[in-house]
Protein chains: 2
Amino acid sequence: MGYRENPRPGGRSARVQAAVHQSVRDMLSTMDRADVTIPLIAQRANVTPSTIYRRWGDLQELLADVAASRLQPDGAPAKIGSARDDLEAWVEQYADEMASGVGREMIRDVLSIADTTNAERCSGYTQHQLCVLIARAEEYGEAFPTLAELMDHVISPIMYRVLFDQAPSADYVRELIARAVPGDTSRT
Amino acid sequence: MGYRENPRPGGRSARVQAAVHQSVRDMLSTMDRADVTIPLIAQRANVTPSTIYRRWGDLQELLADVAASRLQPDGAPAKIGSARDDLEAWVEQYADEMASGVGREMIRDVLSIADTTNAERCSGYTQHQLCVLIARAEEYGEAFPTLAELMDHVISPIMYRVLFDQAPSADYVRELIARAVPGDTSRT
DNA sequence: GGACAAAAGCAAATAATTTGCGTTAGTGGA
DNA sequence: TCCACTAACGCAAATTATTTGCTTTTGTCC
């Protein structure tokens with residue numbers, strides 16, 4: 001009597017999951033988050049509340065699951081020119097997305113539960129995107145920060161601001177990058 | 001018919017707040033957090049549940065309030081020797097505290113609500129402690145990072161790891177500091 | 001096709017939350 | 001000191017959410 005982590009695609013279980021996720025996304029975009037309840041989600045998804053309770057446990061777990069899914073990137077970072085430029089463009093949109101109202105809510109949802117699986121998922125997505133950029137730099141022969149340097153000195157300060165302070169400005173983001181990229185003195 | 005932000009000390013309202021906070025702290029230390037409910041907290045604090053609902057709204061808000069209070073530092077950072085050493089000692093204990101089970105729970109509580117007041121409070125506590133260290137460095141004539149540098153390149157990476165990854169090790173923390181302190185090449 | 005098990009539905013029981021209304025306890029003025 | 005005032009609390013009924021035992025459905029593997 002346990003629930004599979006990855007329901008077989010096309011099965012009933014997968015359909016229920018999709019319907020519930022969709023229902024949550026719809027409701028979060030049309031109504032106040034405080035009014036989103038499991039009975040309402042269940043009604044819109046055409047399932048019984050007990051199905052959701054048994055599968056996710058409570059509203060926070062469900063919201064964390066949905067948020068982690070939504071934080072998964074669509075594709076690889078855009079190719080602008082140099083790896084340096086690609087990095088700047090990608091980080092800027094990352095910062096914007098995270099600092100937006102929806103972005104902040106999703107991060108909070110992911111962090112608000114004790115289980116760290118979803119948080120690690122999100123951090124993994126970010127690191128994967130950065131690795132793609134690092135590989136490009138290597139291909140182009142550009143000097144580039146390591147993954148650890150990028151995580152510590154670019155991503156972390158952005159996330160700290162998003163979570164504890166106000167939104168990081170575009171100038172601030174560019175400055176972090178300029179400081180992290182080796183031998184970069186060309187800008188700001 | 002609104003609740004004052006800062007109840008007058010000694011009044012009934014202040015007594016209720018103290019009793020409820022104490023009750024929450026006791027319960028968090030003796031039982032599983034999933035079993036902590038408002039009716040139980042109310043019972044232990046000798047108040048009615050409706051009092052708590054009216055004053056805090058829901059469990060998350062109450063937990064966030066209690067957590068933010070507990071994250072307030074006891075006093076100024078210890079004086080070891082140089083400002084550099086004081087910084088290292090303080091940051092190490094900060095990282096340990098945040099990475100501990102209780103610390104992580106408190107941070108998550110603070111971040112899990114939409115209202116950012118409590119999160120800003122916590123960030124403010126940290127910045128205040130760092131300012132004390134900066135003032136010491138100035139007094140001693142030591143080269144020292146600015147507040148922004150410390151927040152971006154020492155505190156932020158630590159918090160990111162605590163929230164999204166695994167606990168930051170002592171070595172890792174020392175390395176962040178060594179990198180942030182100007183002209184420091186003496187260690188790791 | 002039939003046996004099996006995972007996951008969903010249903011409905012009753014329990015628990016949490018909201019709310020209207022009456023009461024209490026600090027506060028400030030005469 | 002007493003009185004009026006009001007923020008905040010208590011109480012209890014009404015509502016809503018959550019849990020749980022049992023039944024039914026659905027997909028999978030012989």
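Chain identifiers are assigned alphabetically (A, B, ...) following the order of the sequence lines, protein sequences preceding nucleic acid strands; residue numbering begins at 1 within each chain.
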*Measure from the side-chain heavy atoms of B:Ser50 and tell me the nearest of D:dA12, C:dA8, D:dT20.*
D:dA12
*Among the nucleotides C:dA8, D:dA17, C:dG9, which one has an atom lying closest to any side-chain atom of A:Thr37?*
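Between C:dA8, D:dA17, C:dG9, the one nearest the side chain of A:Thr37 would be D:dA17.
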_With a 3.5 Å cut-off and heavy atoms only, can you find an N or O donor on one side and an acceptor on the other between the side chain of A:Arg12 and the base of C:dG9?_
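Looking at the base of C:dG9, it does not pair with any donor or acceptor on the side chain of A:Arg12 (distance under 3.5 Å).
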Interatomic distance where [atom1] belongs to [X] and [atom2] belongs to [N] [whole Å]:
X: B:Ile38; N: D:dT16; atom1: CD1; atom2: P; value: 18 Å
X: A:Arg55; N: D:dT19; atom1: CZ; atom2: P; value: 17 Å
X: A:Trp56; N: D:dT19; atom1: CH2; atom2: P; value: 15 Å
X: B:Asp35; N: C:dA16; atom1: CG; atom2: C1'; value: 14 Å
X: A:Ile52; N: C:dG9; atom1: CD1; atom2: P; value: 9 Å
X: A:Asp58; N: C:dA16; atom1: CG; atom2: P; value: 14 Å
X: B:Leu62; N: C:dT17; atom1: CG; atom2: P; value: 11 Å
X: B:Leu59; N: C:dT18; atom1: CG; atom2: P; value: 12 Å

*Pick the nucleotide of DNA chain C nearest each of B:Gly11 and B:Gly57; which residue has the one closer to the 5' end?*
B:Gly57
*Taking for each residue the nucleotide of DNA chain C with the nearest heavy atom, is it A:Thr48 or B:Arg15 whose nucleotide lies nearer the 5' end?*
A:Thr48
*Taking atom CD of B:Gln72 as the centre, does the number of heavy atoms from other residues, nucleotides or ligands within less than 6.0 Å exceed 12?*
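Atom CD in B:Gln72 is crowded, with more than 12 foreign heavy atoms closer than 6.0 Å.
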*Flag yes if more than 12 heavy atoms outside B:Gln22 fall under 6.0 Å of its CD atom; otherwise flag no.*
yes
*Considering just the side-chain nitrogens and oxygens of A:Arg54, establish if one lies under 4.0 Å of OP1 or OP2 belonging to C:dA8.*
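For C:dA8, OP1/OP2 do not have a side-chain N/O of A:Arg54 under 4.0 Å.
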*Calculate, to the nearest 0.5 Å, the distance between atoms CG and SG belonging to A:Leu111 and A:Cys122 respectively.*
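Those atoms lie 8.0 Å apart.
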*Roughly how far, to the nearest 0.5 Å, is the CG atom of A:Asp86 from the CD atom of A:Gln129?*
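One finds 11.5 Å between CD of A:Gln129 and CG of A:Asp86.
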*asked:* Between B:Ile113 and B:Leu63, is the side-chain contact (heavy atoms from CB on, under 4.5 Å) condition met? List the steps.
replied: CA-CA 10 Å; B:Ile113 58 176; B:Leu63 291 177; over 6 Å; no
